[in-house]
Number of protein chains: 4
Amino acid sequence: MLARSIQSTVMRRQPQQTRSQERVSHILTAAEALFIEVGYEQTTTRSIAARAKVAVGTLYQFFPDKEAILKALATRYFQAEYQLFAALHTPEAESLSLSDYVDRVIDAFDHFMNSQPGYRAVYEQLLSLMTYSAIEAIDDYEYRIVDELAAFFARLNPDLAGEQAQTIALVVVKVVGDLLWLSASQNPEQQRSLVAETKVLMLGYLGQHLGDRMGQGDVR
Amino acid sequence: MLARSIQSTVMRRQPQQTRSQERVSHILTAAEALFIEVGYEQTTTRSIAARAKVAVGTLYQFFPDKEAILKALATRYFQAEYQLFAALHTPEAESLSLSDYVDRVIDAFDHFMNSQPGYRAVYEQLLSLMTYSAIEAIDDYEYRIVDELAAFFARLNPDLAGEQAQTIALVVVKVVGDLLWLSASQNPEQQRSLVAETKVLMLGYLGQHLGDRMGQGDVR
Amino acid sequence: MLARSIQSTVMRRQPQQTRSQERVSHILTAAEALFIEVGYEQTTTRSIAARAKVAVGTLYQFFPDKEAILKALATRYFQAEYQLFAALHTPEAESLSLSDYVDRVIDAFDHFMNSQPGYRAVYEQLLSLMTYSAIEAIDDYEYRIVDELAAFFARLNPDLAGEQAQTIALVVVKVVGDLLWLSASQNPEQQRSLVAETKVLMLGYLGQHLGDRMGQGDVR
Amino acid sequence: MLARSIQSTVMRRQPQQTRSQERVSHILTAAEALFIEVGYEQTTTRSIAARAKVAVGTLYQFFPDKEAILKALATRYFQAEYQLFAALHTPEAESLSLSDYVDRVIDAFDHFMNSQPGYRAVYEQLLSLMTYSAIEAIDDYEYRIVDELAAFFARLNPDLAGEQAQTIALVVVKVVGDLLWLSASQNPEQQRSLVAETKVLMLGYLGQHLGDRMGQGDVR
DNA sequence: TATGAATGAGACTTCATTCAT
DNA sequence: GATGAATGAAGTCTCATTCAT
């Protein structure tokens, strides 16, 4: 508290990361690495604390229990994923050709997947720890992506009934997620093939549902 | 013969007598139920034994450790899955129309998924316990499905290079598996929609790769 | 039972070892080997039964529990040891020179120790399982050796009070036993040195207590 | 410094603080008592913890496993024994009469044996848990005693070849150890007799090897 | 009488969490 | 707020012993 008031007096701007925020960040980073390396169950709170160079007690000052760390990581991923999704689905995106749209989206998520290696480890652990509805309770980014994607599709093809757009969006999100996750564990060549096939798959599927409704922007 | 090879890999003692075979079956059933309900890690060997109405010691007479139970279940699923696959890919299947082929395969696997509720829980746990190559070591049914499906596609369209057929087969196996798994956890109506969409997805994808090479039986 | 009556009818002599006696013997031999190899606690009743080529249940028909096997082995050793002792302490032994007496006794027990490798493993386990008095209860061969040796010494030197002869005999039994046991685990050369030193030690000790009271039979 | 080397070999965590050192001491004392009372194998880690009034977890914070507790106790004994030995074999000891030397040494070790009742229980268990060379690895105090005693003898009687002095020293260490251990379990009168006989035995033995090479201080 | 599958108490050890310093 | 020693419930697995066949 004293430190704080000194800072606010002396420093011009409150640092973005206060000491505590840094600590939390260190803990999450340490946990992420360990969850990937040895799995959630095999990761001990001690080992997280040790890797984050804090005492276990400190860890428990920020997180009520081990599961909370998992949830916090999940939220971090979901947010990032949603932000990526949102950035790709601005109004302008609607004027892209289907082929360009698919290219952009899949390349972007392919990159995301490879830069967030802990995503799946965390997501899968979350699934086995709690029901799907409990996961929604944590945060609803996942749902928002499906919802907004459904709306995006419905705008392109108004014939799609609400329900149907939802299902299509769910299929797209699931399939792209799974294939990119699969590709992330392959050798570079196989990875490229899988990403290419994912595009073929999506192009065919969305072609059937959206037809030539998308803009002819810059067809390949 | 198949049963024998499972046991020699995974089990401690061959259940020679009917009584014992029943016990093993009870143990596996109990384990399956618990893995689904609370997850593999949360399931204790005591609870499996209790549910199977045997003593823990009995359980350990058949399985060297907890992981072996998981492997035995996995083998059971993989075998069943392979047998289903093989039954659907007899030479006669090649003369079906693409639409009929997709219908049959997806309906069959949809039914399989719903009748084997533990499949995914087991498979996912297996993935987090061991490397993919270690899973192959348990048995290679998974690989065989991808390989034989690739060969099936290559017979229909000889233009598909070996590598490409493999990738396509992998995509099909993965995507169908994931979507049907997803559908299994939905309400009946959503389930039907998802299964229908899965067919649309596959029809579009295989249509691109196989064209009209399949029999013209009763094209839609 | 049928087999028995046939035998008694057909065979001239009842075989020294009936089927059961052979089984007991096999079990004891198996147990002895395992106690030496891995120790008493590490030896399981199953492993004993397996090595003896009988079922565990059969083992329990002859021995009420694991400890009883240990006791039976101990009795076997103690008897053999006592018989060796007795054979060396006939009336004629009293007319040997001290040097010859010591030579004979130590060489004989040295040979015994090397031919009964399980003796100590069993004896030491016995000590840690029960009190010394409980061991006496099992059998009193050990005591008889000390007692008879004391009497032997007292006959040679009547000046030795009863108590003192007992103590001397105890010292001799203990020291010879321990040094020969130690020598048994050494390389051949060290073994010879230790046996030689044991003789020097005993010769000096008994010389002090028995003086030249022993016969001059065939001095070296 | 000595204490440190024990711990770094055997213990998990250095007890930094007085509080912790006391805890370790309590644990060792509790273990010692139980090893004597019921034997090493029969002693459970829970019972040690309970007797030491700590939680099992605390015990495992200092010792990686049950065996480590045994080793720590052994090291404690070996150190104390070596220190006693060293204190008795200063240069001045060489000028004592043989009789005085034997008196001092045996009285000192007799006292040691009675004040360290767990010594043998621990030592014997150690022997059955590991090879002799593995015990050396724990610490080499035992060997040092034999070596230094051999050197002591060789200084008094340079005629003793290196090998022979070693064997004599080994015999002395073994025999004195065994007889005093035996005496420790006898009633007071028998105990006195055994100690007296041990002196007679050693005096006779060393007289033969060292003759009158020792100082004539106050020969009996 | 022989068998060996079944039993289940109990051993060792781990680790999420607390709380005195 | 930070620390990390202490806690003890709970997990996996073993093995002496029993008893139905």
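All chains are named by letter (A, B, ...) in the order of the sequence lines, taking the proteins before the strands, and each is independently numbered beginning at 1.
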With a cut-off of 3.5 Å and sequence neighbours excluded, list every side-chain donor-acceptor pair involving residues 52-60 of chain C.
none

What's touching nucleotides 8-12 of chain E from the protein side, N or O pairs under 3.5 Å?
residue : atom : partner : partner atom : Å
dG8(E)  : N7   : G57(B)  : N            : 3.4
dG10(E) : O6   : R46(B)  : NH1          : 3.2
dC12(E) : OP1  : K66(D)  : NZ           : 3.1
dC12(E) : OP2  : T45(D)  : N            : 3.0
dC12(E) : OP2  : T45(D)  : OG1          : 3.3

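A heavy-atom distance below 4.5 Å is not found between the side chains of F78(B) and L73(B). Taking the side chain as every heavy atom from C-beta outward, L28(B) and F62(B) never approach each other to under 4.5 Å. Using a 4.5 Å heavy-atom cutoff, the side chains of Y40(C) and E41(D) are not in contact.
L70(B) has its CG atom 16 Å from the C1' atom of dT12(F), to the nearest Å. Rounded to a whole Å, the NZ atom of K53(A) is 17 Å from the C1' atom of dG4(F). Atoms CG (L59(B)) and C1' (dT14(F)) sit 13 Å apart, rounded to a whole Å. Note: NE2 (H26(B)) to P (dT7(E)) measures 13 Å, nearest angstrom.
Between the side chain of S47(D) and the backbone N or O of T43(D) there is no donor-acceptor pair closer than 3.5 Å. Between the T75(C) side chain and the K71(C) main chain, a donor and an acceptor come within less than 3.5 Å of each other. Without hydrogens or angle criteria, S25(D) side chain to Q21(D) main chain gives no donor-acceptor distance under 3.5 Å.
Looking at Q61(D), its side chain has no donor and acceptor atom pair within 3.5 Å of the base of dA5(F).
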Could you write out DNA chain F as a dot-bracket string, with dots for unpaired bases, | for bases paired across to another strand, and Watson-Crick or G-U pairs counted at under 3.5 Å? .||||||||||||||||||||
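OP1 or OP2 of dA6(F) sits under 4.0 Å from a side-chain N or O of R23(D).
One finds no salt bridge joining R51(D) and E32(D) here, because no Lys/Arg side-chain nitrogen approaches an Asp/Glu carboxylate oxygen to under 4.0 Å.
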